[in-house]
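Below is one structure, written out as structure tokens, with a few remarks after it.
Just the heavy atoms: all of them, side chains too, but no hydrogens, waters or symmetry mates, feed the values below. First the proteins, then the strands, lettered A, B, ... as listed; each starts at 1.
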Number of protein chains: 2
Amino acid sequence: MPLNASSFLILGMVRNGVNSGYAIRRTIENMRMEAFWATTFAQIYPHLADLENEGYLVRHDDPQGARPRSAYTLSQKGEEALDAWLRGTDLPPIEVRDEGLLRLGFSDNLSPEETLALLGRLRERSEAAEREFCEYNLSMAAGAVEQGYRAALMIARMGAEYYAWAAAWFGQLESELQRELDSS
Amino acid sequence: MPLNASSFLILGMVRNGVNSGYAIRRTIENMRMEAFWATTFAQIYPHLADLENEGYLVRHDDPQGARPRSAYTLSQKGEEALDAWLRGTDLPPIEVRDEGLLRLGFSDNLSPEETLALLGRLRERSEAAEREFCEYNLSMAAGAVEQGYRAALMIARMGAEYYAWAAAWFGQLESELQRELDSS
DNA sequence: GGAAGCATGTAAAGTGTTACATGATTTT
DNA sequence: AAAATCATGTAACACTTTACATGCTTCC
């Protein structure tokens with residue numbers, strides 16, 4: 001089983017002390033990490049089991065009262081694989097799937113009013129994403145969790161700034177189109 | 001068969017006069033449309049056949065000499081489906097998968113030098129993407145293809161500006177880290 | 001004559017999402 | 001007592017990518 005990006009997401013989480021499938025999913029949600037690498041419970045649990053079978057992770061029983069719980073730690077092999085990936089000189093291309101931009105790209109047949117409405121929805125979607133990142137950034141700054149999580153915070157800050165940029169970009173297009181509409 | 005975003009990409013292309021599977025793939029490549037919705041030949045050809053079976057597209061034989069070729073046009077049903085999608089008020093969330101950002105997010109264990117190298121690779125990748133968008137934008141401005149392709153050009157311009165922004169962002173992080181390194 | 005590009009596909013594998021199922025614990 | 005959250009998974013489905021296969025045409 002060759003490791004893929006999802007494997008390293010899990011290994012990285014475990015090294016950061018996020019040691020159960022449930023905790024990994026929740027952390028990804030809280031950190032808005034889905035913004036650049038999404039996953040679901042249905043992916044994480046089987047993947048954790050695979051990584052244990054292949055010797056990258058070690059599983060421990062860690063029940064909370066009568067509720068069973070599996071906690072994981074990195075094995076030597078897991079540490080090495082994660083470090084090799086972090087130091088790798090390859091860099092796979094970014095993959096984006098944005099149905100909204102696709103729609104904008106085929107909007108030539110829409111009326112100016114309809115295009116304005118679409119641009120407004122795109123801007124609002126970016127504004128909402130920006131707000132979510134800002135909320136996470138604030139909650140992090142409040143706690144003293146910054147020890148050892150510098151990189152994750154850096155990414156979240158980039159997310160906030162990117163979505164602010166995108167919202168402004170859509171807003172500018174709206175203004176231009178509105179001006180054209182007014183002057184005709 | 002409910003239509004998905006890939007269906008509308010194909011319908012939109014056909015309406016714009018890009019009427020064969022081969023031409024659709026090449027146009028997506030030339031326009032750098034893969035930056036926000038990627039596809040391959042292996043997806044397009046069966047999908048075209050499905051859309052024809054369901055009555056969204058009409059197929060015509062359009063051989064070039066002895067080389068066979070299938071050309072498509074939109075049916076009434078196809079036109080309507082495409083317009084309904086363009087005017088839809090729903091807006092599915094953006095999906096991004098960026099192994100590079102994932103790596104940066106787990107880079108706390110790297111040395112400053114190694115982090116600098118990673119940031120440099122990320123910046124270069126953005127710079128390369130920006131160049132590709134600019135090339136397409138220039139090739140469009142040169143030709144008189146702007147008639148009816150205003151939206152596609154708008155998107156390509158956004159692509160160029162976004163990657164310029166991202167490259168600058170990574171560059172700034174590099175400078176900050178370098179300063180820290182120098183002053184210690 | 002060979003390389004590059006035009007043109008169309010199939011098969012298999014890999015990856016990811018949705019829906020479902022179960023039961024314990026904590027909070028209101 | 002009900003709702004929310006913790007915790008773990010399976011099964012089916014949908015989607016995408018990779019590799020392979022074939023043959024024509026144009027340019028060098």
Side-chain angles (χ1 to χ4, degrees), chain A residues 1-10 13-14 18-30 33-34 36-54 57 59-72 92-99 102, chain B residues 1-10 13-14 18-30 33-34 36-54 57 59-72 92-99 102:
Chain A
M1 184 198 62
L3 301 182
N4 59 20
S6 297
S7 315
F8 296 115
L9 169 59
I10 292 175
M13 281 281 176
V14 172
V18 183
N19 63 1
S20 75
Y22 192 81
I24 290 173
R25 176 72 189 91
R26 286 290 169 236
T27 303
I28 287 169
E29 216 179 312
N30 293 338
M33 246 177 148
E34 334 188 49
F36 57 94
W37 205 277
T39 39
T40 58
F41 285 128
Q43 250 194 304
I44 293 169
Y45 286 114
H47 212 139
L48 277 167
D50 291 344
L51 289 169
E52 196 214 343
N53 286 335
E54 302 282 331
L57 290 177
R59 201 193 73 82
H60 319 265
D61 273 322
D62 183 25
Q64 311 288 304
R67 181 197 290 155
R69 185 170 174 280
S70 292
Y72 295 85
I94 301 173
E95 284 168 56
V96 180
R97 293 191 171 262
D98 187 347
E99 195 169 327
L102 198 61
Chain B
M1 184 199 62
L3 301 182
N4 60 20
S6 296
S7 316
F8 296 115
L9 170 58
I10 291 175
M13 282 280 176
V14 171
V18 183
N19 62 1
S20 75
Y22 192 81
I24 291 173
R25 177 70 189 93
R26 286 291 169 235
T27 303
I28 288 169
E29 217 179 312
N30 293 338
M33 246 177 146
E34 333 187 50
F36 56 95
W37 205 278
T39 39
T40 59
F41 285 127
Q43 251 194 300
I44 293 169
Y45 285 114
H47 212 140
L48 277 168
D50 291 344
L51 289 169
E52 196 213 342
N53 286 336
E54 303 281 332
L57 290 176
R59 201 192 73 81
H60 318 267
D61 272 322
D62 183 25
Q64 310 288 301
R67 181 197 289 155
R69 186 169 173 280
S70 292
Y72 295 85
I94 301 173
E95 284 168 57
V96 180
R97 293 189 171 263
D98 187 346
E99 195 170 326
L102 197 60

For this session: Please state how far atom CZ in B:Phe41 lies from atom P in D:dT17, giving the value in whole angstrom units.
Result: 14 Å
For this session: Walk me through it: do A:Leu51 and A:Leu3 pass the test side-chain contact (heavy atoms from CB on, under 4.5 Å)?
Result: CA-CA 9 Å; A:Leu51 289 169; A:Leu3 301 182; 3.6 Å; yes
Problem set entry | Shortest non-hydrogen separation from B:Ser7 to B:His47 and the atoms involved | OG-NE2, 2.9 Å
For this session: Kindly calculate the angle separating the two end axes of the helix from C:dG1-D:dC28 to C:dT28-D:dA1, each obtained from five base pairs, and round it to 10 degrees.
Result: 40°
Exercise. Counting only side-chain N and O atoms of B:Thr40, is one of them less than 4.0 Å from OP1 or OP2 of D:dT18?
Worked result: no
Exercise. When you measure from the side chain of B:Glu95 to the backbone N and O of B:Pro93, does any donor-acceptor pair fall under 3.5 Å?
Worked result: no
For this session: Spell out, as yes or no, whether a donor-acceptor pair under 3.5 Å connects the side chain of B:Arg25 to the backbone of B:Thr40.
Result: no
For this session: May I ask you to decide if A:Tyr22's main-chain N or O and A:Tyr45's side chain share a donor-acceptor pair within less than 3.5 Å?
Result: yes
Exercise. What is the distance from CD1 of A:Ile44 to C1' of D:dT10, rounded to the nearest Å?
Worked result: 16 Å
Exercise. CZ of B:Arg97 versus P of D:dT17: gap in Å, rounded?
Worked result: 11 Å
Exercise. Rounding to a whole Å, what distance do you find between B:Asp50:CG and D:dC15:C1'?
Worked result: 13 Å
Exercise. Looking at CE of B:Met13 and CD1 of B:Ile44, how far apart are the two atoms once the value is rounded to the nearest 0.5 Å?
Worked result: 8.5 Å
For this session: Kindly point out which of D:dT17, D:dT8, D:dC15 is positioned nearest to the side chain of A:Arg69?
Result: D:dT8
Exercise. For the pair made of OH in B:Tyr45 and C1' in D:dT16, what is the distance, rounded to whole Å?
Worked result: 17 Å
Exercise. Under a criterion of less than 4.0 angstrom to any heavy atom of chain A, what are the 5'-terminal and 3'-terminal contacting nucleotides of DNA chain C?
Worked result: C:dT15 to C:dT25
Exercise. With sequence neighbours left out, what residues match B:Ser6 under side chain to side chain donor-acceptor pair (under 3.5 Å)?
Worked result: B:Trp37
Problem set entry | Full working for side chain to side chain donor-acceptor pair (under 3.5 Å) between A:Asn19 and A:Arg69 | CA-CA 10 Å; A:Asn19 63 1; A:Arg69 185 170 174 280; 3.0 Å; yes
Exercise. Between A:Ala23 and B:Gln43, which has a closest nucleotide on DNA chain D that is more 5'?
Worked result: A:Ala23
Exercise. Of B:Ser70 and A:Arg67, whose nearest nucleotide on DNA chain C comes first from the 5' end?
Worked result: B:Ser70
Seminar exercise, completed: Comparing nearest nucleotides in DNA chain C, the 5'-proximal residue of the pair B:Glu95, B:Ser20 is B:Ser20
Problem set entry | Donor-acceptor pair, side chain of B:Gln64 and main chain of B:Asp62, under 3.5 angstrom | yes
For this session: Using a 4.0 Å heavy-atom cut-off across all strands, classify B:Ala66 as base, sugar-phosphate, or nothing.
Result: sugar-phosphate
Exercise. How long is the line joining CD of A:Glu29 and C1' of D:dC6, in whole Å?
Worked result: 13 Å
